[in-house]
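Here is the structure we will look at, set down as C-alpha cells.
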Amino acid sequence: MIFKVPRGTQDILPSETWKWQQVEKVILEACDVYRYKEIRTPIFEQTELFQRLVGDTTDIVQKEMYTFTDKGDRSMTLRPEGTAPVVRSFVEHKMFGYPDQPVKLFYTGPMFRYERQQAGRYRQFVQFGAEAIGSADPAIDAEVISLALDVYKRVGLTKLKLVINSLGDKECRAAHKEALVSHFNPHIDQFCPDCQTRLEKNPLRILDCKVDSGNPLIASAPSLADYLNEESASYFESVKSFLEDAGIDYEVDPNLVRGLDYYNHTAFEIMSTSEGFGAITTLCGGGRYNGLAEEIGGPSAPGIGFAMSIERLLLAMEAESKIFADEPTLDVYIITLGETARRPGFKLLNELRAAGIRTDLDYMDRKLKAQMKSADRLQARMVVIIGEDEVTEGAVQLKIMADGTQEKVPVGELVEKIIKNTTR
RNA sequence: GCGGUUGUGGCGAAGUGGUUAACGCAUCGGAUUGUGAUUCCGACACUCGGGGGUUCAAUUCCCCUCAUCCGCCCCA
C-alpha cells in the first residue's frame, strides 16, 4: 500500500458516517431548541489571530499549530479551536450591533492540532461548539453548560460529570499568581521540570500537574477561591444557583484550569465517568472569555462558550453501549434475468426512485440466486423480479422478503402496491 | 516531543532460516431448468507495512523508515 491517511487523521467510513449524521442531527435539534444559530468560518486563519487570542504561552500555540506560509507570504494556521475564529467573525461583521443580544452561535467542523495520536486524540478532529457573546449574565453561563449537557443527554449518555470552577477576573488572577509563586518558589526544586518552567509562565498549572499531584505543597497551595474578589465570587455563586435552578449537578474543582489563556470567571469541563474509557476522559471544555473581543479591536463583548469533540462523544457512546437505531434499509431490490429484462428493469428502477422508494439493483451481472442473496444481505423489504416472461406480459413478480410471499403485479399497479407495503 | 507495543490475503489469526505461507469469517462460482437459510464441493496472498543489509537462502536475523495501539505531556 503506497498511500495511507496522514498520521492522526482518519477516514470515516459509511458504517461510521451514519452515526455521525445522527449526532449532527441531535446537535441541530438541540441548538434549535436553545436558539443558537450556525456559523461557518474558514478552516484556516491568520496565524496571529490564534497567537493573540489563544495565548502565546499555551501548548496549542507553542507546539500544536499547523502553520504554513501561503503564496502571498502570509502566515496561516489551520484552526486549532473554534472560539477565536468566531470572535473574529463577531467583531468583523459587527455582530455587536445586532438587535438581539447576546449573539448565540454554534459551529461544527474539523480542528487541527499537531499532537501524538492516542485513543480519543487526533490531529484532525471535529468539534461542536457554541458561543454566547454579548452578555455577562451568569444565567447564560448556565444556559451554555445546559446546552452541552443536553446534547449528551439526547444521545443517551448518562455517565457524566460536570466540573466547574471560577478563574476570577484579571485582578484576582494576578494576586493569586503572585501568591502561588511565593508559595512554590522556595521549594520548586522538588517539582518536575515541567512545573519548574510553569512557575514562571503559568503557576496555576502546577496545581493540575499529574506528576506532582501527590506533593503536599499542592494541597497547601493558596487557592484561587480565596483570592476571588467580591464581584467574582458573587458571580460564581450566581452561576451555581442558576445551574441548580436548571437541575444540573456539578462539582466544584478549585484546581480546574483550562489550557487556553482567554478564560476568566466560569470554567468547566464535562467528563465521562464510564469504565474503561482510556486515559482521556474530557468530553467537553468551556468557559467565559470576557475581554476577548477587545483583544482584536472589538468593543467590550463578554462571552461564554464550549467545545466538544464528536469523536469523543462517539467513544463515550461506545463505552456506555449506546447505539443509534438501525440505518434505513432498502425498500426494493430489482432483479433482472437476462438481457431482455435489463432495460425494463433499469427503467423501473428510475420510476420507483422518482416515487421516493429506496431502490437498487444488481450491477454485477449475477445469477438469480446470487441476486436474491444480495437482496437478503441488503435487507430489502421487497424484491421485484423481471424475466423474459414478465417483460412480454407487462408485469413483474413482487416478493415480500419477510414472509416469502410472491405475486404477479402489472407494472401499472406496482408503485402503488410497493408504497402500500413500504409504509405499513 | 518522550517511553513501550504491534504491523502476514477484505477482516480475524497461525507459522518457520530453505521445495506448494495453516485455519476461521467474508466474498465469488457450483451442487441440472428463474428465487433468500443450512450443508457439501471448488476458487481466492508470484507474497508476509516499506527500504537496505547479513546469508548459498529470509516472511522469519540486523539496521533504517513508515504506520498502529497504549502511556506521558496536554487537551477536545
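Lettering of chains follows the sequences in order, A, B, ..., and the numbering in each one begins at 1. Remember, predicted model here, so these are calculated numbers, not experimental data.
In the set B/rA76, B/rG34, B/rC73, the nucleotide with an atom closest to the side chain of A/Gln397 is B/rG34. Distances were taken from every side-chain heavy atom of A/Thr282 (C-beta onward) to each of B/rG34, B/rA67, B/rA76; the shortest belongs to B/rA76.
Considering only side-chain N and O atoms, A/Lys373 lies nowhere under 4.0 angstrom from the phosphate OP1 or OP2 of B/rU35. An OP1 or OP2 oxygen of B/rC72 is reached within less than 4.0 angstrom by no side-chain nitrogen or oxygen of A/Arg116. The shortest distance between the side-chain N/O atoms of A/Arg7 and the OP1/OP2 oxygens of B/rU68 is below 4.0 Å. Checking the phosphate oxygens (OP1, OP2) of B/rG30, a side-chain nitrogen or oxygen of A/Lys367 falls inside 4.0 Å. For the OP1/OP2 pair of B/rU68 and a distance below 4.0 Å, the side-chain nitrogens and oxygens of A/Gln117 include at least one atom meeting the criterion. Residue A/Gln118 places at least one side-chain N or O under 4.0 Å from the OP1 or OP2 atom of B/rG71.
Judged by atom type and distance alone, A/Arg121 does not reach the base of B/rC70 through any side-chain donor-acceptor pair under 3.5 Å.
Residue contacts shown for A/Leu260 are limited to sugar-phosphate atoms, with no base heavy atom under 4.0 Å away. The residue A/Glu390 sits close to a base: some heavy atom pair falls under 4.0 Å. Within 4.0 Å of A/Glu81, counting heavy atoms only, lies no atom of the nucleic acid at all. Among the atoms of the strands shown, none is found under 4.0 Å from any heavy atom of A/Glu269.
When only modelled atom types and interatomic distance are considered, A/Thr67 and A/Thr77 share a side-chain donor-acceptor pair under 3.5 Å. Under the 3.5 Å distance criterion, with hydrogens and angles disregarded, no donor-acceptor pair is assigned to the side chains of A/Arg113 and A/Tyr66.
With ring centers used as reference points, A/Tyr34 lies 6.0 Å or more from A/Phe106.
Taking the centre and axis of the six-membered ring of A/Tyr114, the NZ or CZ atom of A/Arg123 falls inside the cone set by 45° and 6.0 Å.
By the side chain to side chain donor-acceptor pair (under 3.5 Å) test, A/Thr83 pairs with A/Glu131, A/Tyr262, sequence neighbours left out.
Base pairing annotation: B/rU27 forms a Watson-Crick or G-U wobble pair with B/rA43, both donor-acceptor distances under 3.5 Å.
Atom CZ of A/Phe346 has 12 or fewer heavy atoms from other residues, nucleotides or ligands within 6.0 Å.
Within the 4.5 Å cutoff, no side-chain heavy atoms of A/Val5 are placed close to those of A/Gln10.
A heavy atom lying under 4.0 Å from RNA chain B marks the following residues of residues 301-313 of chain A, by number: A/Ala307, A/Ser309, A/Arg312.
Counting to the nearest Å, the P atom of B/rA31 and the CG atom of A/Leu368 are 13 Å from each other.
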